[in-house]
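Predicted model, so just to flag it, every value in this text is computed and none were measured.
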Amino acid sequence: MASLKALKLRIGSVKSTQKITKAMKMVAAAKLRRAQQNAEAGRPYATRLSEVVSSLASRVTVGPQSPKLIAGTGKDETHLIVLATGDRGLAGAFNTNIVRAARKKAEELQAQGKTVLFYIVGRKGRPVIARSFPKSIIADHDTSGMKSPAYADAQAIADDITDRFLSGQFDVAHLAYSEFKSVLAQEPQVDQIIPVVPAPAAANNKGSTASAAVEYEPDEEAILADLLPRNVAIQIYRALLENAAGFYGSQMTAMDNATRNAGDMINRLSIQYNRQRQAAITTELVEIISGAEAL
């Protein structure tokens with residue numbers, strides 16, 4: 001059984017940890033609001049742009065002059081998974097869930113006989129992928145110096161990925177990230193971003209703005225040549241924004257749970273300490289009374 005001194009030291013240690021977790025919870029809560037606003041503000045534009053590009057892609061007859069980002073390489077052998085995670089931990093299963101979704105997609109592709117490569121964005125995804133797919137990482141983009149996601153960062157990542165695609169390093173690219181639903185819920189997503197997936201024919205007949213009967217000036221292919229690279233950057237930017245909001249939401253929840261658990265542990269240790277202290281006092285009283293009776 002632990003001594004009174006050891007229990008007192010342990011209670012003090014847990015109280016110090018509780019102060020840290022409480023402070024981290026408050027910091028995460030303060031940053032979450034701004035990150036959530038950014039993610040929700042950027043989501044409609046990214047979603048709409050993806051719909052417009054998909055709709056345009058379904059109208060274009062793919063030929064030798066078509067943009068490669070829509071026509072593809074003509075093969076479906078090598079797949080790149082752009083894995084976007086956080087740079088820090090202490091956020092529950094946030095990073096783990098994204099990596100798990102990416103690994104699942106990679107295993108499905110490998111089961112189909114495809115070659116899988118990884119482009120790592122953020123530090124937390126690399127260790128697991130390096131163990132499971134040691135020879136598949138082709139690039140690692142460190143975002144630890146990025147205080148908050150900026151479009152310039154997403155543009156740099158998109159330009160690198162697009163250059164690798166145009167040089168023939170892979171045939172299809174998927175983006176793995178976590179979509180922010182609420183403080184308690186973040187849903188991992190794995191979406192194809194290269195080449196563009198054309199909208200189904202049924203979707204083009206619903207009368208939406210993107211699928212309405214319109215004339216384009218210049219033609220669809222000229223518009224796509226400009227929109228396709230921008231769409232890749234926007235989708236990556238959205239993933240960074242969603243990840244930022246999801247990370248702080250998950251961290252706030254994890255730190256709140258840790259603070260509560262520390263409080264429960266302090267209560268249990270305090271009860272144990274008081275019981276042992278009372279037992280020691282009782283033992284001393286018995287010894288004093290016994291000594292007095294002996295005299």
What distance separates [X] [atom1] from [Y] [atom2], expressed to the nearest 0.5 Å?
X	Y	atom1	atom2	result
D87	T143	CG	OG1	3.0 Å
Y248	L32	OH	CG	9.5 Å
I194	L175	CD1	CG	10.0 Å
S270	R277	OG	CZ	12.0 Å

Per-pair distances, 0.1 Å, donor-acceptor, side chain in residues 98-108, under 3.5 Å, sequence neighbours excluded:
residue: R100; atom: NH1; partner: N97; partner atom: OD1; Å: 2.8

Sequence neighbours left out, what pairs pass salt bridge (charged side-chain N to carboxylate O under 4.0 Å, His left out) with at least one residue falling in residues 147-165?
D160-R164
Report the C-alpha distance between S136 and I129 in whole Å, list the side-chain angles of each, state the deciding distance to 0.1 Å, and finish with yes or no for side chain to side chain contact (heavy atoms under 4.5 Å, CB included).
CA-CA 8 Å; S136 299; I129 299 302; 5.7 Å; no
With hydrophobic residues grouped by side-chain heavy-atom distances under 4.5 Å, do [X] and [Y] end up in a single group?
X	Y	result
I81	F94	yes
V190	L109	no
L228	I161	yes
F247	V27	no
I236	L49	yes

Taking atom NZ as the centre, does K22 end up with more than 12 heavy-atom neighbours from other residues, nucleotides or ligands that are less than 6.0 angstrom away?
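Result for NZ/K22: open.
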Quick check on R10: does its CZ atom have over 12 non-hydrogen neighbours (other residues, nucleotides or ligands) under 6.0 Å away?
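At most 12 heavy atoms, drawn from other residues, nucleotides or ligands, come within 6.0 Å of this atom.
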Can any side-chain N or O of [X] pair as donor or acceptor with the backbone N or O of [Y] at less than 3.5 Å?
X	Y	value
S13	L9	no
N38	L241	no
T283	A279	yes
K114	D76	yes
S55	E51	no
N231	L227	no

Starting from L90, walk the hydrophobic network (Ile, Leu, Val, Met, Phe, Trp, Tyr; side-chain heavy atoms closer than 4.5 Å) and list everyone else you reach, by chain and number.
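I20, M24, M255, all in the cluster of L90.
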Could you tell me if the side chain of [Y] sits less than 4.5 Å from the side chain of [X], heavy atoms only?
X	Y	result
V82	H174	no
Y119	Q169	no
L69	F165	yes
R43	E242	yes
F180	Q36	yes
I157	V121	yes
H79	L117	no

Step by step, would you call S178 with N243 a side-chain hydrogen bond (donor to acceptor under 3.5 Å, both in side chains)?
CA-CA 6 Å; S178 183; N243 274 359; 5.0 Å; no
For the student: nearest non-hydrogen atoms of [X] and [Y], plus distance:
X	Y	answer
I193	V232	O-CG2, 4.2 Å
D191	Y177	OD2-OH, 3.1 Å
K15	I266	CG-CD1, 3.4 Å
T85	K124	OG1-N, 3.6 Å
S54	V197	OG-O, 3.1 Å
Q235	A46	NE2-O, 3.0 Å

Going by the side-chain hydrogen bond (donor to acceptor under 3.5 Å, both in side chains) test, which pairs reach into residues 24-33, not counting sequence neighbours?
K25-D256
Between L80 and F118, is a side chain to side chain contact (heavy atoms under 4.5 Å, CB included) present by the stated rule, with each step listed?
CA-CA 6 Å; L80 177 71; F118 283 91; 5.6 Å; no
Check against side chain to side chain contact (heavy atoms under 4.5 Å, CB included), T78 and V172:
CA-CA 7 Å; T78 304; V172 182; over 6 Å; no
For residues 32-55, which residue pairs pass the ring-ring contact (aromatic ring centres under 6.0 Å, His included) check, not counting sequence neighbours?
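Of all non-adjacent pairs touching residues 32-55, none passes ring-ring contact (aromatic ring centres under 6.0 Å, His included).
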Run the side-chain hydrogen bond (donor to acceptor under 3.5 Å, both in side chains) test on Q278 and Q276 for me, step by step, so that the C-alpha distance in whole Å, both residues' side-chain angles and the decisive distance to 0.1 Å come before the verdict.
CA-CA 5 Å; Q278 186 63 44; Q276 286 191 221; over 6 Å; no
Can you check side chain to side chain contact (heavy atoms under 4.5 Å, CB included) on K75 and F170, steps first, answer last?
CA-CA 9 Å; K75 299 181 296 181; F170 62 89; over 6 Å; no
With sequence neighbours excluded, tell me which residues meet side-chain contact (heavy atoms from CB on, under 4.5 Å) with D140.
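Scan of D140 (side-chain contact (heavy atoms from CB on, under 4.5 Å), adjacent residues dropped) gives I120, R126.
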If you measure only the distance, is there a donor-acceptor pair under 3.5 Å linking the side chains of T21 and T259?
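Side-chain D/A pair, T21 to T259: present.
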Using 30° and 60° as the class limits, which term best fits the ring planes of Y151 and Y237: parallel, tilted or perpendicular?
perpendicular
